[in-house]
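What follows is a single structure, written as structure tokens, with notes after it.
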Amino acid sequence: MSLAMELPAALVEVEGLKHIYGKSAGPGLVVLDDVNLTLRSGEIVGLLGRSGSGKSTLLRSIAGLITPTSGRVEVNDLPDDTTAHGVAMVFQTFALFPWLTVQKNVELGLEAKGVNAAERRKRSLAAIDLIGLDGFENAYPKELSGGMRQRVGLARALVVQPSILLMDEPFSALDVLTAETLRTDLLDLWAEGRMPIRAILLVTHNIEEAVLMCDRILVFSSNPGRVIAEIKVDLPQPRKRLDPAFRALVDDIYARMTARPKGQAAPTGGGLPGTGLGMALPHISTNELAGMIENLAAAPNNGSADLADLAREAQLEADELLPIAETLQLMRFAEIDGRTIRLTAVARRYADADVDERKQIFARQLLAYVPLAAHIRRVLDDRASHQAPASRFRDELEDFMSEPRADDTMSAVVSWGRYAEVFAYHDDDDRFSLDNPA
């Protein structure tokens, strides 16, 4: 028997997908680049990556809500012996109509398909019962908790009997306990075959959630979004977070998400390879950076920690922790080696310093390792007025990146520069100066 005959049917095939946001005249923002994906019958596949890596854009392309710039998206036909068909989507926000009851919200998709009232009622009540909201048919969204509202969203997706269920961070707006309950209930329904769906495609930035739920995980890079790893999860269900194999897989994924691209050397004293004035920066506050340094410096970490353990300790998702860790690495406050982050000697001095000395240390690292900050300061030093319009630097950034990314990068540099007192920024006329620095 050939491999092709052994594999389950491919329900979704994505090939060479690319999506660019922005005006045709400008550089645009490349959100996805050369993404390939196959979703087969009988599996849950997770799309894992940081915010902004294009996961939701890919999901919307598959759902037909947006048209990609290039590439192919194919949702394959199913055999005639199934009543399930098409694609349904569950969103991060509950997206319920507040003036409609639970039952009426669930019936919306059926009504749009022209299903008669009696059939709509029958199928909506069955879906409401299936997801555990029997008795709340006549309640309005304002009467429901967040978890119950998301159950309504799930029932609304299931009632149209889709073959493919797309889920866009469906648990991220819920508290931890509610999310865990809903996640477990969904897995139970899937395992028992009580839902009409044949496959689930799940967008998440929660590494543990992906390992808990998925048969395969596609790990995305950012800027632009590309698939950098495909991981098969062979752990039996139900999965236990404290299982050593579970923890090892979570740690491995953290290491993959922080790995340098192939061919990129480790950072040296002259700056990170391939970066310069056009380096996009995350808008991380100095409080977050200082807090992470203090956390790592204190017991029990004592200067070094496993990234997965640090995320659990600080109650941060991967896409919250990793930009902080990588900013510390950029400024040489930390080194990341696989899944381990270690403070440098200068970071240890920062942790022990008073407020004024901390600012001096931060200023030295900022000017040494963030090219845009050094460029702004150099221009201000060279001008007799010691002033320059921020638009001058923003325009320079837009030669390298999209306008939104340039705005984020400028916001980061303004925040860091103000804290370090290497320059002042005046919001009223969008201007840099040396009015405050000594």
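In this chain, residues are counted from 1 in sequence order.
Seen from the ring of Tyr254, Arg339 does not count as a face-on cation partner, given the 6.0 Å and 45° thresholds. Both the sub-6.0 Å distance and the 45° axial angle are not jointly satisfied by Arg239 relative to the ring of Phe246.
Here the options are Leu249, Asp215, Ile44, the test is side chain to side chain contact (heavy atoms under 4.5 Å, CB included), and the partner is Val233; only Leu249 passes.
Between Gln150 and Pro170, the shortest heavy-atom contact is NE2-O, 2.6 Å. When all heavy atoms of Leu96 and Pro141 are compared, the closest pair comes out as CB-CG, 4.0 Å. Contact detail for Phe393 and His375: the closest heavy-atom pair is CD2-CD2, 3.7 Å. Summarising the geometry of Pro162 relative to Val87, their closest heavy-atom pair is CB-C, 4.1 Å, with the distance given to 0.1 Å. Leu307 and Ala325 make their closest contact through CD2-CB, 4.4 Å (heavy atoms, listed as atom of the first residue, atom of the second, distance). Closest approach of Thr344 to Ala334, counting heavy atoms only: CG2-N, 3.8 Å.
Side chains of Ser415 and His283 form a contact here, defined as non-hydrogen atoms less than 4.5 Å apart. In this structure, Arg156 and Met89 have side chains that are not in contact, with every pair of non-hydrogen atoms separated by 4.5 Å or more. Residues Leu154 and Leu158 have side chains in contact (heavy-atom distance under 4.5 Å, counting atoms from C-beta outward). Within the 4.5 Å cutoff, the side chain of Ile164 has no heavy atoms near those of the Ile197 side chain. Side-chain atoms of Val31 and Ile20, non-hydrogen and from C-beta on, never get closer than 4.5 Å to each other. Residues Val102 and Asn138 have side chains not in contact (no heavy-atom distance under 4.5 Å, counting atoms from C-beta outward). In this structure the side chain of Glu396 never reaches within 4.5 angstrom of the side chain of Leu372, judged on heavy atoms. Side-chain contact between Ile253 and Val211 is present, with at least one heavy-atom pair separated by less than 4.5 Å.
Under a 4.0 Å N-O distance rule, the pair Glu119/Arg121 does not qualify as a salt bridge. Under a 4.0 Å N-O distance rule, the pair Glu180/Arg183 qualifies as a salt bridge. Look at Glu335 and Arg342 and you find no salt bridge, because none of the NZ, NE, NH1 or NH2 atoms lies under 4.0 Å from a carboxylate O. Salt bridge Asp168/Lys55: absent, no basic N to carboxylate O contact under 4.0 Å. A salt bridge between Asp34 and Lys18 is absent, with no side-chain N of the basic residue lying under 4.0 Å from a carboxylate O of the acidic one.
Judged purely by atom type and a 3.5 angstrom limit, Arg247 uses its side chain to pair as donor or acceptor with the backbone of Arg241. Asp337 places no side-chain N or O within donor-acceptor distance of the main-chain N or O of Thr340, the cut-off being under 3.5 Å. Under a 3.5 Å cut-off, the side chain of Glu43 and the backbone N or O of Arg40 do form a donor-acceptor pair. A side-chain donor-acceptor contact under 3.5 Å links Arg358 to the backbone of Ala351. A donor-acceptor pair under 3.5 Å links the side-chain atoms of Thr409 to the main chain of Leu281, judged by distance alone. In this structure, Arg120 contributes its side chain and Val115 its backbone to a donor-acceptor pair below 3.5 Å. For Asn301 (side chain) and Gly303 (main-chain N/O), no donor-acceptor pair under 3.5 Å exists by modelled atom type. Put simply, the side chain of Trp416 gets close to the backbone of Ile284: a donor and an acceptor are under 3.5 Å apart. In this structure a side-chain-to-backbone donor-acceptor pair under 3.5 Å is present from Asn105 to Leu100.
Side chain to side chain, Thr38 and Glu13 fail the donor-acceptor criterion of an N or O pair below 3.5 Å. For the residue pair Glu320 / His205, no side-chain donor-acceptor distance below 3.5 Å is found, with atom types taken as modelled. Using a 3.5 Å distance cut-off with no hydrogens or angles, the side chains of Tyr425 and Asp430 do pair a donor with an acceptor.
The aromatic rings of Tyr419 and Phe362 sit perpendicular to each other, their planes meeting at more than 60°, with 30° as the lower class boundary.
Rounding to the nearest 0.5 Å places CG of Asp129 at 8.0 Å from CD of Glu137. Phe220 CZ to Leu32 CG: the interatomic distance, rounded to the nearest 0.5 Å, is 6.5 Å. Distance check, rounded to the nearest 0.5 Å: CG of Asn206 to CG of Leu212 gives 8.0 Å. Of the inter-residue distances, the one linking Arg198 atom CZ with Leu165 atom CG reads 14.5 Å to the nearest 0.5 angstrom. Interatomic distance, SG of Cys214 versus CD of Glu209, reported as 8.0 Å (0.5 Å rounding). Here the straight-line distance linking atom CD1 of Ile217 with atom CG of Leu47 works out to 10.5 Å at 0.5 Å rounding.
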Intermediate values then yes/no, salt bridge (Lys or Arg N to Asp or Glu O under 4.0 Å), Arg72 and Glu74: CA-CA 6 Å; Arg72 180 177 70 92; Glu74 183 174 333; 2.5 Å; yes
Steps toward side chain to side chain contact (heavy atoms under 4.5 Å, CB included) verdict (Ile231, Val219): CA-CA 8 Å; Ile231 300 167; Val219 181; 3.9 Å; yes
Trace of the side chain to side chain contact (heavy atoms under 4.5 Å, CB included) decision for Thr181 with Asp185: CA-CA 6 Å; Thr181 299; Asp185 288 350; 3.9 Å; yes
Check against side chain to side chain contact (heavy atoms under 4.5 Å, CB included), Ile293 and Leu328: CA-CA 8 Å; Ile293 291 173; Leu328 292 178; 3.8 Å; yes
Worked check of side chain to side chain contact (heavy atoms under 4.5 Å, CB included) between Phe136 and Thr101: CA-CA 9 Å; Phe136 288 88; Thr101 64; over 6 Å; no
